[in-house]
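Everything on this sheet refers to the single structure shown next.
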Amino acid sequence: MLSARAYSLRMQVMLAISLSWVGGFTNVLTFLCCDKAFTSHMTGNSTNFGRALAEGSWSEFGFYGAILMSFFFGAAISAALTEGGRQLGHRSNYILPLGVEALLLIGMMAIHQFLRSNTFAIDFGMPLIGAFAMGIQNATITKISGSVVRTTHVTGVMTDLGLEGMQYVLWCWRQARGFQINRTRRILRVSQRHPTAQRLMVLYAIYLSFVGGVIGATLAFPRTSSWALIVPVLFLCYLIRVDWRRPIADIRELDPMSDPELRMHGLLHSLLPRELALFRLSHLHDDPNHPTPNYHLWIERIPAEKTVVILAFSPLMKIKSRSIEDLELVAKRLRDTGRSLIVAGLTPIQYRILDRRGFIQTIGIESVHPDLEFAIAHASALIRERSVERVRADAAPELARS
């Protein structure tokens, strides 16, 4: 679930609901335990930091400054653990940061239960540990969702709700052309698939989940005190278990020098056209049923100068209908911008599945290759052909004048 960026609206909503409540729960529970600071609202903590500096209240200045640095280092540690796991080829890149967050929440619970007589540990240690945990969570989920979901604060969510909500209302008004009841009903049904409406669904899920976590922690604290933190800890452990058992496949840039299919052919990266981008859809060989990653986010991060993109499939990958629809949209998007998608490494079974779903017709049979080396040769020829066409187009005005 968490080993690659969320690939669909459904998974983005799941991530929002799953972890926003943890942010709200931890935030209010820390405040109830130490009655001094929130752990995830860095805007408020920054305000208090500046106020303390202006007033010369050095103890508060140090306290809020420490919270800000703790949140910052939590985000940095999340990035280090995520990229480290990726470089080392771990089964899941996100298990480690979520595991560290769970341990930090356990540490907060232990401080409150066993060091109650130590006011410094309660008032200073708990907010710092909580801010560190929220920095890890926010950075991790931001990375997973491609900066779509942030789960520890709602300031940006409320802003986006206002912006997206007004855009949605104006779109419905334009489509309905005023107060036409029958047309309005049909527009509301159709608009459920509109990107703005879907974005609103995600935002509402984040907000309601965060508020639900706040309500749950507030109700649980008088009865269980900080033992209530065991609930988000157990939930994080559940997410870790799910992610370990079924991680999402990943799209990684292919290195011609180290790839097992190309290493023996003597292909050098410097000899390949600079307009060519090579990627492999990778997964663990013991589980071909991985969900696919976010193709749209992947294609957004490919530089514009890469006019031909090769995506090599693993022969063991099982292709699902949802992933075919997403990949078809990406192929059309590339084509609309004058670029091309070439698919390589397909087995006969994978080809038949894609052909039945109409994907082969979308990108053209000439853009499908069972062998990666042939795909590279085709891409290189396509790039050369386009280069010649550009030269001819540039020379045409001069020839016309002469």
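Numbers here are sequence positions counted from 1.
Taking each heavy atom of L200 and G165 in turn, the nearest pair found is CD2-N, 3.6 Å. Contact detail for A133 and L105: the closest heavy-atom pair is CB-CD2, 4.2 Å. For P97 against L81, the heavy-atom pair with the smallest separation is CA-CD1, 3.9 Å.
Residue pairs meeting the side chain to side chain donor-acceptor pair (under 3.5 Å) criterion with at least one partner in residues 375-384, sequence neighbours excluded, are H369-H378.
Taking SG of C34 as the reference point, atom CG of L29 lies at 9.5 Å (rounded to 0.5 Å). Annotation: the span from L32 atom CG to N27 atom CG amounts to 10.0 Å, rounded to 0.5 Å. Of the inter-residue distances, the one linking M134 atom CE with T30 atom OG1 reads 7.5 Å to the nearest 0.5 angstrom. Going from atom CG of L236 over to atom CG of L103 covers 10.0 Å, rounded to the nearest 0.5 Å. Atom CZ of F313 sits about 5.0 Å away from atom CG of L327, to the nearest 0.5 Å. Rounded to the nearest 0.5 angstrom, I360 CD1 and E366 CD are separated by 10.5 Å.
By the side-chain hydrogen bond (donor to acceptor under 3.5 Å, both in side chains) test, E328 is found to be paired with T362, residues two or more places apart in sequence or in another chain being considered. Every ring pair (Phe, Tyr, Trp, His ring centres under 6.0 Å) that F120 has, sequence neighbours left out, goes to F124. For A220, the side chain to side chain contact (heavy atoms under 4.5 Å, CB included) criterion is met by T224, A228, not counting sequence neighbours. Residues passing the side chain to side chain contact (heavy atoms under 4.5 Å, CB included) test with P303, sequence neighbours excluded: E305, K306. The side chain to side chain contact (heavy atoms under 4.5 Å, CB included) search around F49 returns F61, Y64, L68, not counting sequence neighbours. For the side-chain hydrogen bond (donor to acceptor under 3.5 Å, both in side chains) test, residues two or more places apart in sequence or in another chain that qualify with H112 are S225, S226. Evaluation of the side chain to side chain contact (heavy atoms under 4.5 Å, CB included) rule for I363 yields A331, V343, F359, S367, V368 as partners, not counting sequence neighbours. With sequence neighbours left out, R386 forms a side-chain hydrogen bond (donor to acceptor under 3.5 Å, both in side chains) with S340. The salt bridge (Lys or Arg N to Asp or Glu O under 4.0 Å) check on R51 picks up E55, E60, with sequence neighbours excluded.
Open room surrounds CZ on F72; 12 or fewer heavy atoms of other groups in view lie less than 6.0 Å from it. Counting heavy-atom neighbours within 6.0 Å of I230 CD1, excluding the residue itself, gives a total above 12. The environment of CD in Q361 is sparse: at most 12 heavy-atom neighbours from other residues, nucleotides or ligands sit within 6.0 Å.
E101 is listed as a side-chain neighbour of V22, based on a closest heavy-atom distance under 4.5 Å. Between I111 and I122, some side-chain heavy-atom pair lies under the 4.5 Å cut-off. Between I324 and I353 the shortest side-chain heavy-atom distance falls below 4.5 Å. Side chains of I342 and F374 form no contact here, defined as non-hydrogen atoms less than 4.5 Å apart. Between R333 and R339 there is no side-chain heavy-atom pair separated by less than 4.5 Å. A heavy-atom distance below 4.5 Å is not found between the side chains of I67 and T39.
Tested against F71, the residues I136, N45, N138 include a single side-chain contact (heavy atoms from CB on, under 4.5 Å) partner, N138. When each of V308, I310, L311 is tested with L341 by the rule side-chain contact (heavy atoms from CB on, under 4.5 Å), just one qualifies, namely L311.
For the pair Q350 (side chain) and T347 (backbone), a donor-acceptor distance under 3.5 Å is present. A donor-acceptor contact shorter than 3.5 Å links the side chain of S70 to the backbone of F132.
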Listed pairs under 3.5 Å, donor-acceptor, residues 203-216 side chains, sequence neighbours left out:
unit_1: S209; atom_1: OG; unit_2: I17; atom_2: O; d: 2.9
unit_1: S209; atom_1: OG; unit_2: W21; atom_2: N; d: 3.0

*Trace of the side chain to side chain contact (heavy atoms under 4.5 Å, CB included) decision for Y351 with I365*: CA-CA 10 Å; Y351 179 88; I365 192 171; 3.4 Å; yes
*Before giving the answer on side chain to side chain contact (heavy atoms under 4.5 Å, CB included), spell out for R280 and L372 the whole-Å C-alpha distance, their side-chain angles and the decisive distance to 0.1 Å.*
CA-CA 10 Å; R280 183 180 295 282; L372 180 56; 3.7 Å; yes
